[in-house]
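In what follows, a single structure is set out as structure tokens and then discussed.
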Amino acid sequence: MTGLLVQLNKSTNMRKVIYRQFGDESVLEVTEQAVPGIEKDQLLIRVKAVSINPLDWKVYGGEMKLMSGSTFPKSVGIDFSGIVEQTGSAVTRFTAGDAVIGVLDVFKGGALADFLVVKESDIAPKPANISFEKAAALPVTGLSAIQIIDQLAAVSANQEVLINGATGGIGVFAVQIAKKRGARVTAVVSTKGVAEAAKWGADTVIDYTKQDIKLLNRRFDAVIDLSTTLSFNQAKILMKPKAVFVTTLPSPLTLIYSFVNNLISGQKLKVLIVKPTIEGLNTLTNLAEAGLQIVLDKTYSFTNVRDAYREARRGKLIGKSVIVLD
Ligand SMILES: NC(=O)c1ccc[n+]([C@@H]2O[C@H](COP(=O)([O-])OP(=O)(O)OC[C@H]3O[C@@H](n4cnc5c(N)ncnc54)[C@H](OP(=O)(O)O)[C@@H]3O)[C@@H](O)[C@H]2O)c1
């Protein structure tokens, strides 16, 4: 790793994490680059914190090269919190000094830098009541949770919802939002997360290291798999006749299969493809201001980027890890 560059000229230069080939965390390097300029519909953001998502290592590991392409260098970091440094002349919703949260193109990244360039549609006001570290943990997993609970599973009051992988980035929010919709939530977690999931409101908590959920003698209106360990076919035994199964693993085959299945079967297969929107980001800001719990497992400094991703990839986190720009 190049490390912190000693004579960084902070007025014109910045640090940015890039990689020049697919691989594990050893491909990540901190480089010095010119602070980018903006066009009239763009804003320059001084980044305060960036969250770590499993999507990051799937992209830099080359698992998603069909979508990301194979040209280098590439950048890392999808969601962030920061402060508006400069606005283009056509920008109307924000001014310099505003605190914001935002999300970049999943396959291009670029948030792991001292500065980044966005359009107004990529950002929303930072919730006033939380730190920049917690705010950075909201966008990707929060938007995913809203999309899963409100759109894909369309969870409503008194429904029985099973969330498999309930202490991860999406799970923490999915449990809380499903409870807000009035559902009864069964959270599936490893031993470390049992007490935590109950704190976020889960009605029943199952430790998957002690109990095989496929042997549960129960049926749910929605089965949400955030762990990528449960297939639609395996989930059917847990589903009511008109239940929904949500997977977070999109593939062309799954999308085709779900289209055909959903025409002929009462048990639906829904696939998450997270779509960042201004409305979604604003909803997250409102939820956070209304008390949505944001759980941080660890925070890292910019110079420990490789360790941060390595440890996050090993799993067993409660909530999210965040890299703080110092
Ligand atoms: N398609 C999209 O648009 C999209 C968008 C965002 C995220 N995603 C994907 O969605 C998935 C979830 O994201 P995330 O940020 O919530 O990931 P995460 O933080 O890694 O959470 C995954 C959770 O699964 C749990 N888990 C692991 N093995 C399990 C098992 N056998 N049974 C039950 N739970 C188990 C983990 O718990 P322990 O670590 O305690 O075992 C962890 O809490 C990831 O694969 C991510 O890449 C997809």
Side-chain angles (χ1 to χ4, degrees), residues 50-61 63-64 66-68 77-79 103-107 109 136-149 151-152 162-178 186-197 200 202 204-216 223-231 234-235 238 245-252 254-255 258 269-277 280 284 294-298 308-322:
V50 176
S51 96
I52 296 181
N53 290 288
L55 280 167
D56 297 325
W57 55 79
K58 291 180 186 172
V59 175
Y60 65 67
E63 279 177 53
M64 308 193 105
L66 269 183
M67 280 83 89
S68 68
I78 306 166
D79 50 0
V103 55
L104 301 179
D105 184 310
V106 167
F107 301 111
L138 263 178
V140 169
T141 48
L143 289 168
S144 299
I146 292 175
Q147 215 172 304
I148 289 169
I149 299 297
Q151 292 159 30
L152 300 177
L162 180 127
I163 301 178
N164 195 34
T167 48
I170 299 176
V172 169
F173 297 134
V175 170
Q176 295 178 71
I177 297 169
T186 298
V188 185
V189 303
S190 63
T191 311
K192 191 178 163 190
V194 172
E196 299 291 325
W200 308 322
T204 307
V205 184
I206 294 172
D207 180 344
Y208 74 79
T209 67
K210 299 192 173 134
Q211 193 174 359
D212 182 350
I213 56 166
K214 296 191 281 302
L215 303 178
L216 278 181
V223 175
I224 294 161
D225 180 42
L226 305 172
S227 74
T228 69
T229 61
L230 192 65
S231 69
Q234 289 170 330
L238 297 165
F245 175 75
V246 181
T247 174
T248 54
L249 265 187
S251 74
T254 314
L255 290 167
S258 69
L269 168 59
K270 299 284 176 80
V271 185
L272 174 71
I273 301 175
V274 67
K275 292 185 194 69
T277 60
L284 282 178
I294 300 164
V295 182
L296 294 190
D297 193 283
K298 268 197 187 145
Y309 281 103
R310 213 172 268 129
E311 287 175 20
R313 187 139 69 99
R314 274 187 218 126
K316 301 285 176 266
L317 305 182
I318 303 287
K320 306 261 310 166
S321 288
V322 164

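The figures that follow rest on heavy atoms only: side chains count, while hydrogens, waters and symmetry mates do not. Ligands are counted one by one from 1 in listed order, and the atoms in each one are counted from 1 as well.
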Quiz prompt | Candidates T247, L272, I177 - the one meeting side chain to side chain contact (heavy atoms under 4.5 Å, CB included) with I148 | solution = L272

Practice problem: Report yes or no: do N53 and K58 form a side-chain donor-acceptor pair below 3.5 Å? | Solution: no

Quiz item: For K214, does its backbone N or O pair with a side-chain atom of Q234 as donor and acceptor, under 3.5 Å?
Solution: no

Quiz item: Among D56, I78, I52, which one satisfies side chain to side chain contact (heavy atoms under 4.5 Å, CB included) with V140?
Solution: I78

Quiz prompt | Main-chain N/O of K316 paired to K192 side chain as donor or acceptor, under 3.5 Å | solution = yes

Quiz item: Without hydrogens or angle criteria, can the side chains of T209 and S190 be said to hold a donor-acceptor pair below 3.5 Å?
Solution: no

Measure from every N or O atom of ligand 1 to the protein's N or O atoms and keep only the pairs below 3.5 Å, writing each with atom names and distance to 0.1 Å.
{"from": "ligand 1", "atom 1": "1 (N)", "to": "T248", "atom 2": "O", "distance (Å)": "3.1"}
{"from": "ligand 1", "atom 1": "1 (N)", "to": "L272", "atom 2": "O", "distance (Å)": "2.7"}
{"from": "ligand 1", "atom 1": "3 (O)", "to": "V274", "atom 2": "N", "distance (Å)": "2.8"}
{"from": "ligand 1", "atom 1": "10 (O)", "to": "T248", "atom 2": "OG1", "distance (Å)": "3.1"}
{"from": "ligand 1", "atom 1": "16 (O)", "to": "G169", "atom 2": "N", "distance (Å)": "3.3"}
{"from": "ligand 1", "atom 1": "16 (O)", "to": "I170", "atom 2": "N", "distance (Å)": "2.9"}
{"from": "ligand 1", "atom 1": "19 (O)", "to": "G169", "atom 2": "N", "distance (Å)": "2.9"}
{"from": "ligand 1", "atom 1": "39 (O)", "to": "K316", "atom 2": "N", "distance (Å)": "2.8"}
{"from": "ligand 1", "atom 1": "40 (O)", "to": "S190", "atom 2": "OG", "distance (Å)": "2.5"}
{"from": "ligand 1", "atom 1": "41 (O)", "to": "Y208", "atom 2": "OH", "distance (Å)": "2.4"}
{"from": "ligand 1", "atom 1": "41 (O)", "to": "K316", "atom 2": "NZ", "distance (Å)": "2.8"}
{"from": "ligand 1", "atom 1": "43 (O)", "to": "T167", "atom 2": "OG1", "distance (Å)": "3.4"}
{"from": "ligand 1", "atom 1": "43 (O)", "to": "G168", "atom 2": "N", "distance (Å)": "3.0"}
{"from": "ligand 1", "atom 1": "45 (O)", "to": "K58", "atom 2": "NZ", "distance (Å)": "2.9"}
{"from": "ligand 1", "atom 1": "47 (O)", "to": "K58", "atom 2": "NZ", "distance (Å)": "2.7"}

